[in-house]
Amino acid sequence: MNPSESSVLNYFNKIAVCKNCLLTLKNFCFLSDAVSTSAYSSPAKSLGDPGITPLSPSHIVKDSDADDAVEQLFLVVVAIDFGTTSSGYAYSFTKEPECIHVMRRWEGGDPGVSNQKTPTTILLTPERKFHSFGYAARDFYHDLDPTESKHWLYFEKFKMKLHTTGNLTMETDLTAANGKKVKALEIFAYALQFFKEQALKELSDQGGSDFENTEVRWVITVPAIWKQPAKQFMRQAAYKAGMASPENPEQLIIALEPEAASIYCRKLRLHQMIDLSSRAPVNGYSPSDTIGTGFTQAKEHVRRNRQSRTFLVENVIGEIWSELEEGDRYIVVDSGGGTVDMTVHQIRLPEGHLKELYKATGGPYGSLGVDYEFEKLLCKIFGEDFIEQFKIKRPAAWVDLMIAFESRKRAAAPDRTNPLNITLPFSFIDYYKKFRGHSVEHALRKSNVDFVKWSSQGMLRMSPDAMNALFKPTIDQIVQHLSDVFDKPEVTNVKFLFLVGGFAESPLLQQAVQSAFGSRCRVIIPQDVGLTILKGAVLFGLDPAVIKVRRSPLTYGVGVLNRFVEGKHPPEKLLIKDGTRWCTDVFDKFISADQSVALGETVTRSYTPAKPSQLVIVINIYSSEQDNVSFITESGVKKCGTLRLDLTGTDASVPNRREIKTLMQFGDTEIKAMAIDVATSKSVKVGIDFLNY
């Protein structure tokens, strides 16, 4: 026996072979899923132990058992819109689904800034214990003495870490304003626990008796473009916060932000929206008014006429929806603080169910981009070295400066003619003089930035064009991305574009979207646009099956061994066992990128343990953005998670070659799995892990 044959035999000795698999050549294959240190090394060469043998070919079937599960009854649905810049919750009692209650008003707030939600800011004590959240955290931190504040841990805009971290794990850190690091899971869990306690207290006060967590179904919103690890991270943080548990996962639903907005937009009446494409007066103002002025008037109109925090969602189709016919298409653009993501839906009548036509898409084009441009401007005027030092040495003053900018940022409009004044904190002026040896006014004169002047009242005086220029890079990215989506064949004949999210309040963004796409479709902005996702998430929690068809964002599969075909398979993939030629590293596809998959549809596989005594089967899952994938070693194919089958507690007297039937669902907001021991028909504990693999 030559060395290559010896290593092949070694490899096969580590894989149990079912009694039929060498005979049934077309329908059976082996997993070649060994652990490897190199992303592109062959599992056949590393001789790892996959411990399983697949027993079934690849196909998708409708799982009739999926709909048979008894839905747990909850008294109330509470949705948490966990945003990059601001967050909030709303709820509805399941017996009164037409009433959506938005959370109590928060203390604090800023001039010109709506406080229906609270800033996504969190403060820990020097001992790393939770202190406060939102306005309370920000204001307390602001009032600390500078020598004291450097010991406290202040976090803001930390949600973006889950989107920007490529290798997100349970150990990922967040950096506080003072530079100290804390586990991200702890910060997210603290934030969710805060909302859980606030919501339960409000429900208890309203009902006159303690409201139990077990009576609540929780919904947490995430961007649609988030990958599975980030969604799983939010679920783990919710478990840590005590909202739900791995034993009762159905108590928590992950909702996709543009989907939630889409669900709510179905209910819109004419007085609840602004049609930027309209030629007729809307809400008492004419399109000759500026977009920004009209939007402000409309918000005031709603504010005057709303007597409570309760929104009535009529159990009828809204007027805008009644214009849609079977098969009509519309796009929802969720423009938030951190990300902008969009989804394309098609209406299915008569029930009004929704079908996703194109996979969720978007990017980090939120309003934070405007903040980054402002920071770049400050670096240009005062020097990058000073700004970096100021953020470290005077973190609370830096927060003050960005709060002042946020207020003026919201005043930016296409037709504004008067300058905008941004107050510089005294500590900024004082620290700059110590750092450079000359004044802030001197720096402005020497900077050659002629559109920013120094005001004698101690303020930066920005021309409207200068402020608008800060918006341009971010808005250009949004418009370009939308243009790319509109060019897709699946996105032809779009009837409406719904612009939602906090950034949608910007008149500059409204004008840019209307100018670019108003000729292709009607651009609609819901009233209280910042609460659209929150209210839609409540509706989703009441009826999670409203989205009937989704699109898979990635191609998913596992590595397998197939019969080697000369001329088709690369010679380096050849593996020989007992004279039989196999091809290793074959990508067995579960589902393709952008493939349409219905709610409840499952991908079915059957596996068997390598040894009768084996109690755990672990299978590596691979993903790719490409549709046409042949091998797990190809460029762009990444190991992204594991499928774990726990056979402990199952009947040991079953046949040696036990068949474990595994069913995976890709049509929900999260990838789910279940498994059954075919011989006993008993459930097998199964988990899909995208964080700890």
Side-chain angles (χ1 to χ4, degrees), residues 85-86 107-115 118-119 121 134-146 149 154 156-157 177 292 296 337 367-384 386-413 416-436 438-447 449-471 502 505-508:
T85 52
S86 61
E107 292 180 4
D110 303 312
V113 179
S114 168
N115 66 342
T118 193
T121 54
Y135 286 115
R138 203 191 67 187
D139 294 345
F140 186 92
Y141 185 62
H142 167 273
D143 292 339
L144 286 169
D145 184 88
S149 67
Y154 179 79
E156 62 177 355
K157 301 166 186 171
T296 303
S367 61
L368 283 186
V370 185
D371 297 354
Y372 295 145
E373 290 298 317
F374 177 62
E375 187 175 333
K376 282 165 60 178
L377 177 64
L378 292 177
C379 289
K380 186 176 180 181
I381 296 170
F382 302 107
E384 189 174 344
F386 166 73
I387 294 298
E388 288 305 312
Q389 276 300 303
F390 181 71
K391 287 162 73 174
I392 294 168
K393 299 292 187 182
R394 302 285 190 272
W398 174 256
V399 171
D400 282 351
L401 175 55
M402 294 311 293
I403 290 169
F405 173 69
E406 177 68 25
S407 175
R408 306 319 298 144
K409 180 173 82 173
R410 289 169 181 259
R416 186 182 179 98
T417 55
N418 55 318
L420 297 107
N421 294 326
I422 300 166
T423 304
L424 286 181
F426 172 75
S427 61
F428 185 99
I429 300 168
D430 181 59
Y431 190 69
Y432 183 79
K433 191 160 189 176
K434 291 176 181 174
F435 190 88
R436 289 276 190 243
H438 56 251
S439 68
V440 164
E441 186 178 0
H442 177 82
L444 277 162
R445 280 202 308 269
K446 295 292 185 183
S447 69
V449 180
D450 55 3
F451 44 78
V452 180
K453 305 293 182 186
W454 177 246
S455 161
S456 57
Q457 288 85 19
M459 293 185 270
L460 292 179
R461 195 170 179 84
M462 292 184 70
S463 71
D465 287 345
M467 177 62 85
N468 294 358
L470 300 181
F471 281 77
E505 293 183 3
S506 165
L508 292 169

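Being a predicted model, the structure only gives us computed values, none of them experimental. Residues take their numbers from the sequence shown, with the count starting at 1.
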* **Criterion side-chain contact (heavy atoms from CB on, under 4.5 Å) on Phe405 and Met467, from CA distance to verdict** => CA-CA 10 Å; Phe405 173 69; Met467 177 62 85; 3.8 Å; yes
When you compare the side chain of [Y] with that of [X], does any pair of heavy atoms fall below 4.5 Å?
X: Leu401; Y: Leu424; value: yes
X: Thr85; Y: Glu406; value: no
X: Tyr432; Y: His442; value: no
X: Tyr141; Y: Asp139; value: no
X: Tyr154; Y: Pro395; value: no
X: Phe140; Y: Leu144; value: yes
X: Asp400; Y: Thr423; value: no
X: Trp454; Y: Arg445; value: no

Considering all heavy atoms of both residues, which atom of [X] and which atom of [Y] are nearest to each other, and what is their separation?
X: Arg410; Y: Glu505; result: NH1-OE1, 3.6 Å
X: Ala397; Y: Phe390; result: CB-CZ, 3.5 Å
X: Pro464; Y: Asn418; result: CG-O, 3.4 Å
X: Ser367; Y: Lys409; result: O-NZ, 3.6 Å
X: Leu470; Y: Glu373; result: O-CG, 3.4 Å
X: Thr118; Y: Tyr135; result: OG1-N, 3.3 Å

A quick test of your reading: do over 12 heavy atoms of other residues, nucleotides or ligands sit less than 6.0 Å from [atom1] of [X]?
X: Phe426; atom1: CZ; answer: no
X: Lys391; atom1: NZ; answer: yes
X: Glu384; atom1: CD; answer: no

* Worked check of side-chain contact (heavy atoms from CB on, under 4.5 Å) between Glu375 and Trp398 -> CA-CA 11 Å; Glu375 187 175 333; Trp398 174 256; 3.8 Å; yes
Looking at [atom1] of [X] and [atom2] of [Y], how far apart are the two atoms once the value is rounded to the nearest 0.5 Å?
X: Ser455; Y: Leu444; atom1: OG; atom2: CG; value: 11.0 Å
X: His142; Y: Ile403; atom1: NE2; atom2: CD1; value: 7.0 Å
X: Arg394; Y: Ser149; atom1: CZ; atom2: OG; value: 8.5 Å
X: Ile381; Y: Phe386; atom1: CD1; atom2: CZ; value: 11.5 Å
X: Asn421; Y: Met462; atom1: CG; atom2: CE; value: 10.5 Å

* Asked: Is there a ring pair (Phe, Tyr, Trp, His ring centres under 6.0 Å) between Phe428 and Phe382 once you walk through the steps?
  -> CA-CA 11 Å; Phe428 185 99; Phe382 302 107; 5.1 Å; yes
* Is there a donor-acceptor contact under 3.5 Å from the side chain of Thr121 to the main chain of Glu156? ->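 Not at all, since once roles are kept as given, no pair shorter than 3.5 Å links the two residues.
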* Stepwise, does the side-chain contact (heavy atoms from CB on, under 4.5 Å) test hold for Asp371 with Lys157? -> CA-CA 11 Å; Asp371 297 354; Lys157 301 166 186 171; 3.3 Å; yes
